[in-house]
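Shown next, in structure tokens, is the structure this report addresses.
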Amino acid sequence: MIQEPRGPRPAPGGTGTPGMPGAAEDAGARAELARATGMVMALVPCTAETARRVLGNAARAAGVTPRLMARAVIAGCAHPDEEVDPVCGQALRAEIGHARTPPSAPAPAPAGPRPDPYALRRHLNRLRAARRRTLAAPDDPSLRAALEDAAYTLCVLMGQRNAHGALVAAEETVAAHRLPPAPGHAPAPGHAPVPHPGAGAR
């Protein structure tokens, strides 16, 4: 888990004592990092481990702490039309782009036939729904776990190591079959927009 560097342990009764401001500050940092991790998971999409790596790398590229990068992500999602920090936004977009890029080594072909296109569409819709729910409540660990499970399942079905690559491959497969709309299901875009922490980070 990405955390800010810790200093020496405070003496008993200092600011690090549970219930004192230091403990509250540490808990606040963890909450912000967890919330931003969920948002990045939904936006890429990716696992929690990859999302934490995205935040850490973006923070280093922007020259800020992981907590400040987390705050930029949260603010960019909450207020996409307000300028927050263009430097953080640029670094975040670059790292999300890296996370979406499939590895250079091709994934092994999936064993057996490709999934039925109707079943594949159901898995796509499951992933889309998990992304929407996680983006709406990114600090909910159960939603983050559901998103990670949906992304992993799609990777297995499509024989991909990269969740975004699996998403694109699945969408192309479903589109090629020209399936009729699912009953009672409104079409949903497969790619969530990247939030921009600042007006210049679109």
Side-chain angles (χ1 to χ4, degrees), residues 34-55 57-58 70 73-74 76-78 80 89 92-197 201-202:
R35 185 172 181 81
T37 296
M39 289 177 171
V40 173
M41 288 177 66
L43 292 165
V44 173
C46 63
T47 64
E49 179 182 0
T50 298
R52 288 191 287 266
R53 184 167 64 248
V54 166
L55 287 171
N57 290 344
V73 173
I74 294 168
C77 286
L92 178 65
R93 286 199 312 277
E95 288 303 323
I96 286 179
H98 292 327
R100 285 178 170 175
T101 303
S104 54
R114 285 295 179 99
D116 174 79
Y118 287 93
L120 187 57
R121 183 172 64 179
R122 287 196 298 272
H123 284 290
L124 267 175
N125 291 337
R126 177 188 171 209
L127 177 59
R128 289 167 176 160
R131 294 176 76 186
R132 288 194 298 269
R133 288 193 295 265
T134 303
L135 195 58
D139 44 1
D140 187 329
S142 65
L143 293 180
R144 296 197 300 269
L147 171 57
E148 190 153 355
D149 181 68
Y152 174 79
T153 299
L154 201 61
C155 284
V156 172
L157 288 173
M158 301 308 298
Q160 297 278 341
R161 293 193 179 97
N162 177 280
H164 186 261
L167 171 64
V168 172
E171 287 176 335
E172 291 174 349
T173 300
V174 170
H177 284 82
R178 300 181 181 275
L179 302 181
H185 178 75
H191 304 285
V194 178
H196 62 93
R202 287 183 182 275

Q | Leu55 side, atom CG; Leu92 side, atom CG - distance, nearest 0.5 Å | A | 7.0 Å

Q. What heavy-atom pair brings Thr37 and Ala51 nearest, and what distance separates the two atoms?
A. O-CB, 3.5 Å

Q: State, to 0.1 Å, how close Leu135 and Cys77 come at their nearest heavy-atom pair, and which atoms those are.
A: CD1-SG, 4.4 Å

Q) Any side-chain heavy-atom pair from Ile96 and Val54 closer than 4.5 angstrom? A) yes

Q. Say you draw a straight line from CG of Asp139 to CZ of Arg144; how long is it, rounded to the nearest 0.5 Å?
A. 7.0 Å

Q. To the nearest 0.5 Å, what is the distance between CE (Met39) and OG1 (Thr134)?
A. 11.0 Å

Q. Do Arg128 and Asn125 get their side chains close enough for a donor-acceptor pair, meaning under 3.5 Å?
A. yes

Q. What is the minimum heavy-atom distance between Pro138 and Ala136, and which atoms define it?
A. CD-C, 3.6 Å

Q. Once you round to the nearest 0.5 Å, how far does CZ of Arg52 lie from CE of Met41?
A. 8.5 Å

Q: Specify the closest pair of heavy atoms between Pro45 and Leu127, including all atoms of both residues, with the distance to one decimal.
A: CG-CD2, 4.5 Å

Q: For residues Arg100 and Val168, determine if any side-chain heavy atom of one lies less than 4.5 Å from a side-chain heavy atom of the other.
A: no

(Q) Tell me whether Arg131 contacts the main-chain N or O of Leu43 through its side chain, where contact means a donor paired with an acceptor under 3.5 Å. (A) yes

May I have the list of side-chain donor-acceptor pairs in residues 148-155 shorter than 3.5 Å, sequence neighbours left out?
from   : atom 1 : to     : atom 2 : distance (Å)
Glu148 : OE1    : Ala48  : N      : 3.4
Asp149 : OD2    : Arg126 : NH2    : 2.2
Thr153 : OG1    : Asp149 : O      : 2.9

Q: Please list, chain by chain and in numerical order, all residues satisfying salt bridge (Lys or Arg N to Asp or Glu O under 4.0 Å) with Asp140, sequence neighbours excluded.
A: none

Q: State, yes or no, whether a side-chain contact exists between Leu147 and Thr47 at a heavy-atom distance under 4.5 Å.
A: no

Q) So, do Leu124 and Val174 sit near enough that their side-chain heavy atoms are less than 4.5 Å apart? A) yes

Q: Taking all heavy atoms of Ala99 and all of Val44, pick out the closest pair and write down the distance.
A: CB-CG1, 4.0 Å

Q: I would like to know whether Thr173 and Met158 meet side chain to side chain contact (heavy atoms under 4.5 Å, CB included); could you show each step before the answer?
A: CA-CA 10 Å; Thr173 300; Met158 301 308 298; 3.7 Å; yes

